[in-house]
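The structure appears right after this line, and notes come after that.
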Protein chains: 2
Amino acid sequence: MKWDTLDEEPCSLSRTVAVVGDRWTLLILRECFLRVRRFEGFQSSLQITRHLLSERLKKLVRFGILRRVPYSEAPKRYEYILTQKGLDLYPIIMAMVHWGDAHMGDERGRPLLHEHKNCGRLFDPVMVCSECGEALHAKQVHVHAGPGRREAAG
Amino acid sequence: MKWDTLDEEPCSLSRTVAVVGDRWTLLILRECFLRVRRFEGFQSSLQITRHLLSERLKKLVRFGILRRVPYSEAPKRYEYILTQKGLDLYPIIMAMVHWGDAHMGDERGRPLLHEHKNCGRLFDPVMVCSECGEALHAKQVHVHAGPGRREAAG
DNA sequence: AGGCTATAGTTCTAAAATAGAACTGTCAAA
DNA sequence: TTTGACAGTTCTATTTTAGAACTATAGCCT
């Protein structure tokens, strides 16, 4: 597989997988959403090798998911902040967290609980249809080829 | 990192990443949701090496995401069907598709369009709060340690 | 001035995972 | 009896990752 052009495939899942489809990247993003921003912070909480962390952060910056922002002038030091594009990954992360809660739990109970500041309650994330608001299930969805697929197919 | 015990970490994201956190697994699941069920089907549509496909299918069966069901007795042949646990991965896949549509698109337009059979309309998946029904955004969520985290830490 | 610490990386080698191709075994149809 | 379909397994070469050590800048302490 040519992983280097996966982000240009006529498939939105492939394109997303090209950017966030590996273990370390997903764990780094978890830390980002938990407000970690600095190299040492990621490294110590994940026990990732410095080499890979450096490489993954560069990639996330290159794809516009993180911004590398200076926070100290002398010596030059940078931190990594989620862009809007990065913040928009939240549903993916939350969907994964929720699936883990539902299907990979153990007798110790949930590792984290999530409170929705707007309503003040502990919640689960639910995926709904943008048009009718009903909860979505795989078997209720029909897939059509869109313009990007038809053009790619010729 | 001890990837072999990632599914026992006191973090639901880690546990999910342990199961579906790699490129091939996510692409295989895409095919599953597009109704592909057989070894040759996965292999030819993904161009994955037979070795890795075999290995990934075994893993998905081991984690209870696919069931290996015989469809021919002589010769013995099997197909791979999503279990309920597997079907429940749908929000993750859809969240990834939606992010790809929103942020990785090109001039050709969307590769696929999704129709919600219940309401008959083309839709986007939206993640909402189970309690108040509002669309969720990262900055509106506050995270608390749950019992699984506190016990692991103590 | 000299040494210690903090931060953010880079460089190196060994081990593990993946790619790519060929091979195996069962059975049906020609 | 040969060919083809299907569902894998086995093999070697290449790529990726792990783990540890090293570099560079600058503040602080003595």
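As rounded to whole Å, 12 Å separates atom P of D:dT15 from atom CG of A:Asp4. Separating the NE2 atom of B:His51 from the C1' atom of D:dA13 is a distance of 14 Å, rounded to the nearest angstrom.
For DNA chain C, the neighbouring residues in residues 52-69 of chain B, judged by any heavy atom under 4.0 Å, are B:Leu52, B:Arg56. The stretch residues 22-43 of chain A touches DNA chain D through A:Trp24, each having a heavy atom under 4.0 angstrom from the strand.
Residues satisfying the ring-ring contact (aromatic ring centres under 6.0 Å, His included) criterion with A:His114, sequence neighbours excluded, are absent altogether. Partners of B:His137 under the ring-ring contact (aromatic ring centres under 6.0 Å, His included) rule, at least two apart in sequence or in another chain, do not exist in this structure. Residues satisfying the side chain to side chain donor-acceptor pair (under 3.5 Å) test with A:Thr83, not counting sequence neighbours, are none. Applying the side chain to side chain donor-acceptor pair (under 3.5 Å) rule to B:Glu115 yields the partners A:His144; only residues at least two apart in sequence or on another chain are considered. Applying the ring-ring contact (aromatic ring centres under 6.0 Å, His included) criterion to B:Phe33, with sequence neighbours excluded, gives B:Tyr90. For A:Phe42, there are no ring-ring contact (aromatic ring centres under 6.0 Å, His included) partners at least two apart in sequence or on another chain.
The hydrophobic cluster containing A:Val126 also includes A:Val128, B:Val126, B:Val128, under a criterion of side-chain heavy atoms closer than 4.5 Å among ILVMFWY residues, counted directly or through chains of members.
The closest side-chain heavy-atom distance from B:Cys32 to B:Ile65 is not below 4.5 Å. You'll find the side chain of A:Arg56 stays beyond 4.5 Å of the side chain of A:Leu29, heavy atoms only.
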Could you list, one pair per line, each protein nitrogen or oxygen that sits under 3.5 Å from a nitrogen or oxygen of nucleotides 23-27 of chain D, together with the distance?
residue: D:dT25; atom: O2; partner: A:Arg77; partner atom: NH2; Å: 3.3

**Item:** Step-by-step side-chain hydrogen bond (donor to acceptor under 3.5 Å, both in side chains) determination, B:Tyr80 to B:Arg68
**Value:** CA-CA 5 Å; B:Tyr80 297 87; B:Arg68 188 160 172 270; 3.3 Å; yes
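Judged by a 6.0 Å distance limit and a 45° cone about the ring axis, A:Arg38 is positioned over the six-membered ring of A:Tyr71.
Taking a heavy-atom distance under 4.0 Å as the criterion, the stretch of DNA chain C touched by chain A extends 5' to 3' from C:dA6 to C:dG20.
A:Arg30 and B:Ser14 share a side-chain donor-acceptor pair at under 3.5 Å.
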Pairs of donor and acceptor atoms involving the side chains of residues 46-53 of chain A, under 3.5 Å and at least two apart or interchain, shall be tabulated with distances.
residue: A:Thr49; atom: OG1; partner: A:Leu52; partner atom: N; Å: 3.4
residue: A:Arg50; atom: NH2; partner: A:Glu40; partner atom: OE2; Å: 2.5

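Contact check, B:Trp3 against D:dA18: a side-chain N or O comes under 4.0 Å of OP1 or OP2.
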